[in-house]
Amino acid sequence: MVLTTKLTQMLGIAHPIIQGGMQWVGTAEMASAVSNAGGLGLLTGLTQPTPEALRDEIRRCRTMTDKPFGVNLTFLPAIVPPPYAEYVKVIIEEGIKVVETAGNNPGVHIKSFKEAGIIVIHKCTAIRHALSAQKLGVDVVSVDGFECAGHPGEDDVTGLILLAKAAKTLKIPYIASGGFGDGRGLAAALALGAEGVNMGTRFMCTQESPIHDNVKQAIVKADERNTALVFRPFRNTSRIFRNSVATEVVSKEKKPDVKFEDVRELVSGQRGRQVYTTGDPEYGVWTAGQVIGLIDDIPTCDELISRMVRDAEDIITKRLGVMVSKSKL
């Protein structure tokens with residue numbers, strides 16, 4: 001059996017599972033492994049330091065898989081923003097068929113992608129944002145619940161509510177993101193109206209993930225309480241792994257007159273990147289979702305996706321199927 005949804009049909013993939021964009025993690029090794037396993041792998045555009053480096057990574061990924069893969073491009077406020085238009089140009093020129101967008105004011109770039117015939121999946125943390133994305137002409141919305149790693153928005157609404165409301169509100173397909181990592185979650189997402197799931201943290205903890213094994217082991221040992229929310233005073237909330245640095249940041253942010261400069265050095269992106277390369281989970285801040293409470297092994301991407309789909313099929317056809325019967329009343 002296979003799980004056939006609008007997402008699998010639209011993207012030409014075997015299973016309704018997408019590997020979301022992850023800074024420093026979404027490399028050719030990661031994306032190709034997910035795509036080869038039947039899901040959709042995504043290169044993280046801004047992990048590459050320049051647009052031309054992204055071009056090289058796209059071409060490198062094509063040597064590792066002949067299956068569909070895409071690119072994530074996240075638009076975030078910055079003192080010196082990346083050359084987004086140049087990244088968009090490379091994505092279009094390289095013939096990428098699927099793009100995941102996220103962040104602020106993506107409209108002009110979404111228009112460019114759509115004019116090039118690219119399928120656009122836009123990640124949203126609120127239904128009002130999903131409706132705006134729908135108006136912009138995106139093909140699929142990725143509904144990101146409060147459980148997620150990275151930026152969960154400022155509304156603190158969980159996926160259970162967002163997904164059910166998306167079913168009542170949206171006219172375009174949507175997928176579920178934040179808190180997914182096993183077959184139960186996949187079956188639940190489909191029951192809530194989603195056409196598939198998007199996973200980040202779960203794919204971090206696979207054999208092909210390009211991060212140090214010490215970090216993967218930290219995820220396995222952790223439970224659902226081992227994340228922290230930072231940047232709340234600056235209305236740029238981010239969910240990260242709860243380590244000593246995260247605890248220090250949270251403590252500093254409790255001060256009524258806190259400024260970003262007070263935590264800037266602690267939350268340096270370069271320190272976070274070194275966590276993944278040197279294997280010291282305490283060296284800097286790094287993103288992780290509450291799904292860490294469900295992760296207890298480090299499988300290959302193929303093992304993970306196959307297990308998820310098999311378990312979801314069993315739940316749908318056996319556990320739920322036998323609950324439906326003709327009334328005896």
Side-chain angles (χ1 to χ4, degrees), residues 5-7 10-11 16-23 26 40 42 44-46 70-77 84 88 98-114 118-180 185-186 188-203 229 231-232 234-239 287 289-291:
T5 71
K6 292 177 182 177
L7 185 74
M10 182 183 298
L11 303 184
I17 297 172
I18 294 177
Q19 164 247 315
M22 295 176 282
Q23 185 72 330
L40 182 78
L42 292 177
T44 305
L46 296 184
V71 175
N72 161 277
L73 195 58
T74 299
F75 307 98
L76 294 175
Y84 289 120
V88 169
V98 185
V99 169
E100 177 191 62
T101 57
N104 302 328
N105 303 317
V108 62
H109 304 297
I110 288 174
K111 182 179 179 182
S112 297
F113 288 136
K114 292 306 300 172
I118 294 173
I119 294 171
V120 177
I121 303 169
H122 186 65
K123 185 172 285 189
C124 302
T125 60
I127 296 300
R128 63 186 183 279
H129 298 154
L131 289 170
S132 296
Q134 182 174 265
K135 288 181 181 178
L136 288 173
V138 306
D139 300 279
V140 180
V141 171
S142 181
V143 178
D144 214 6
F146 184 58
E147 307 91 333
C148 72
H151 298 281
E154 305 303 318
D155 295 342
D156 298 1
V157 181
T158 64
L160 186 63
I161 302 303
L162 290 176
L163 294 170
K165 189 163 185 179
K168 296 173 61 176
T169 309
L170 299 178
K171 296 179 181 178
I172 60 175
Y174 63 95
I175 59 175
S177 182
F180 295 94
L186 175 56
L190 298 176
L192 284 162
E195 301 293 336
V197 297
N198 177 302
M199 304 192 307
T201 305
R202 174 66 269 202
F203 278 123
L229 295 171
F231 306 155
R232 304 221 84 177
F234 318 120
R235 295 195 60 78
N236 189 29
T237 301
S238 184
R239 186 180 297 280
T287 58
Q290 290 180 321
V291 73

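In this chain, residues are counted from 1 in sequence order.
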Search all heavy atoms of [X] against all heavy atoms of [Y] and return the closest pair with its distance.
X	Y	result
Arg239	Phe146	NH2-O, 2.8 Å
Ser238	Pro152	CA-CD, 4.1 Å
Asp144	Leu162	O-CD1, 3.6 Å
Phe180	Arg202	O-CB, 4.0 Å
Ser142	Ile121	CB-CG2, 4.1 Å
Met22	Gly200	SD-O, 3.2 Å

Spatial distance of atom [atom1] ([X]) from atom [atom2] ([Y]) [nearest 0.5 Å]:
X	Y	atom1	atom2	value
Lys168	Ile127	NZ	CD1	10.5 Å
His129	Asn104	NE2	CG	8.5 Å
Tyr84	His109	OH	NE2	8.0 Å
Thr287	His151	OG1	NE2	9.0 Å
Ile110	Thr101	CD1	OG1	4.0 Å

Can you check whether [X] reaches [Y] side chain to side chain, under 4.5 Å on heavy atoms?
X	Y	answer
Asn198	Lys123	yes
Phe203	Ile17	yes
Ile18	Leu11	yes

The residue among Thr237, Thr125, Asn236 that forms side chain to side chain donor-acceptor pair (under 3.5 Å) with Glu154 is Thr237

Heavy-atom donor-acceptor pair, [X] side chain to [Y] backbone, under 3.5 Å:
X	Y	answer
Gln134	Leu170	no
Glu147	Gly289	no
Glu195	Ile175	no
Asp139	Val120	yes

When you look at CG of Asn105, are more than 12 heavy atoms from neighbouring residues, nucleotides or ligands closer to it than 6.0 Å? no

Crowded around Lys6 NZ? As in, over 12 foreign heavy atoms under 6.0 Å? no

Quick one, Thr74 with Asn72, criterion side-chain hydrogen bond (donor to acceptor under 3.5 Å, both in side chains). Give me CA distance, side-chain angles, the key distance, then yes/no. CA-CA 6 Å; Thr74 299; Asn72 161 277; 3.2 Å; yes

Mind running side-chain hydrogen bond (donor to acceptor under 3.5 Å, both in side chains) on Gln23 and Thr44 for me, showing each step along the way? CA-CA 6 Å; Gln23 185 72 330; Thr44 305; 5.6 Å; no

Does Met10 form a side chain to side chain contact (heavy atoms under 4.5 Å, CB included) with Ile119? I'd like the steps, not just the answer. CA-CA 9 Å; Met10 182 183 298; Ile119 294 171; 3.7 Å; yes

Pair Leu163-Tyr174, side chain to side chain contact (heavy atoms under 4.5 Å, CB included): steps then yes or no: CA-CA 8 Å; Leu163 294 170; Tyr174 63 95; 3.9 Å; yes

Test side chain to side chain contact (heavy atoms under 4.5 Å, CB included) on His122 and Ile172; report intermediate values, then the result. CA-CA 12 Å; His122 186 65; Ile172 60 175; over 6 Å; no

